[in-house]
Amino acid sequence: MWRICALACACTVAACASNIKSFEPSERVDAVTPQGYTAALYDLDLGNQSLGEVKVWTRGVYRTEVNGSDQTVVHVGLAVENQRMVPIRVPVRRLYLDSVVLKQHTIRSIAPSQVVGDLSVAPGHLSEIDAYFVLPADVKPGDVDAFRLHWGLRDDGRLYSQITPFIQTPTPQYAAVYPGYFPSFYYSPFYDPFYDPFYDTRYIHVYDRPFIRYYRY
């Protein structure tokens, strides 16, 4: 068994920010977790019968301590809601990274090094599962361009299988705007009581997506 450092704290420490790379699902992006992560939403239907629904998300790819040395880890989370009258199981052997696309090559079939959560979901219940995948020692978070999670559910001998692809989250760019040079759209009727004319470097968040550029300030 290997140890994972406190991820929630790591995400808030500026010194660790360069070691975390954010990803999001590239399909069925119809949900958000309570922690604010973008999630893929799957309605589980087998014929005319509904199993429930599954949300799939990631806290990203990051460096952490594994067996005494720094390793790159991929996290994936699942929230499985069972709407059946029988238990639903998440077979561990059906839970793996189908592929991890790096800058120079692709890694195939990586099994989880640790799975946390109840893999047997009782009728009418919700189970949250966290899976952690350790990448080869020479792989850095910045080397990862995309990855795909293979997962499955089983009930009454039937199997539901799915693959969820993940892509990089667009990174905001920052453009400094200095006092005396604010564009016209900056001004508003709201007075900022914390404004200090002697220390005032403001930033505009610039997001780039295909064919779209928009500003948040």
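Predicted model, so just to flag it, every value in this text is computed and none were measured.
In the hydrophobic clustering of ILVMFWY residues, with side-chain heavy atoms under 4.5 Å counting as a link, Val73 and Val116 come out together. One hydrophobic cluster, built from ILVMFWY side chains closer than 4.5 Å, holds both Val80 and Tyr160. By the criterion of side-chain heavy atoms lying less than 4.5 angstrom apart, applied directly or through intervening Ile, Leu, Val, Met, Phe, Trp or Tyr residues, Val115 is grouped together with Leu153 in one hydrophobic cluster. In this structure, Val54 is a member of the same hydrophobic cluster as Leu119, with clusters built from ILVMFWY side-chain heavy atoms closer than 4.5 Å.
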For this session: Tell me, with the steps shown, if Phe147 and Val61 meet side-chain contact (heavy atoms from CB on, under 4.5 Å).
Result: CA-CA 10 Å; Phe147 58 90; Val61 180; 4.0 Å; yes
For this session: Output, in order, the C-alpha distance, side-chain angles, deciding distance and verdict of side-chain contact (heavy atoms from CB on, under 4.5 Å) for His150 and Ser161.
Result: CA-CA 7 Å; His150 180 284; Ser161 294; 4.3 Å; yes
For this session: Report the C-alpha distance between Phe166 and Glu27 in whole Å, list the side-chain angles of each, state the deciding distance to 0.1 Å, and finish with yes or no for side-chain contact (heavy atoms from CB on, under 4.5 Å).
Result: CA-CA 8 Å; Phe166 289 87; Glu27 68 173 25; over 6 Å; no
Problem set entry | Verdict with supporting geometry, Val32 and Tyr37, side-chain contact (heavy atoms from CB on, under 4.5 Å) | CA-CA 5 Å; Val32 177; Tyr37 295 102; over 6 Å; no
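The six-membered or imidazole ring of Phe23 lies away from that of Trp57, with a centre-to-centre distance of 6.0 Å or more.
Taking CG from Asp143 and OG1 from Thr72, the interatomic distance works out to 7.5 Å, rounded to the nearest 0.5 Å. Remark: Thr38 OG1 to Lys55 NZ distance equals 12.0 Å, nearest 0.5 Å. To the nearest 0.5 angstrom, Arg59 atom CZ is 7.5 Å from Gln35 atom CD.
A donor-acceptor contact shorter than 3.5 Å is absent between the side chain of Ser113 and the backbone of Phe133. Remark: side-chain polar atoms of Lys21 are not paired, donor with acceptor, to backbone N or O of Tyr62 under 3.5 angstrom.
Using a 4.5 Å heavy-atom cutoff, the side chains of Val144 and Val74 are not in contact. The closest side-chain heavy-atom distance from Arg63 to Lys140 is below 4.5 Å. Contact annotation: the side chain of Ile163 never approaches that of Trp151 to less than 4.5 Å [non-hydrogen atoms, C-beta and beyond].
Note on residues 120-130: pairs passing side-chain hydrogen bond (donor to acceptor under 3.5 Å, both in side chains), not counting sequence neighbours, are His75-Asp130.
Pro25 approaches Ala40 most closely through the heavy-atom pair CG-N, 3.6 Å.
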For residues 83-111, dump all side-chain donor-acceptor pairs below 3.5 Å to protein atoms at least two apart in sequence or in another chain.
{"unit_1": "Gln83", "atom_1": "OE1", "unit_2": "Ser50", "atom_2": "OG", "d": "3.4"}
{"unit_1": "Arg84", "atom_1": "NH1", "unit_2": "Asp155", "atom_2": "OD2", "d": "2.2"}
{"unit_1": "Asp98", "atom_1": "OD2", "unit_2": "Arg148", "atom_2": "NE", "d": "3.1"}
{"unit_1": "Asp98", "atom_1": "OD2", "unit_2": "Arg148", "atom_2": "NH2", "d": "2.5"}
{"unit_1": "Lys103", "atom_1": "NZ", "unit_2": "Asp145", "atom_2": "OD1", "d": "2.8"}

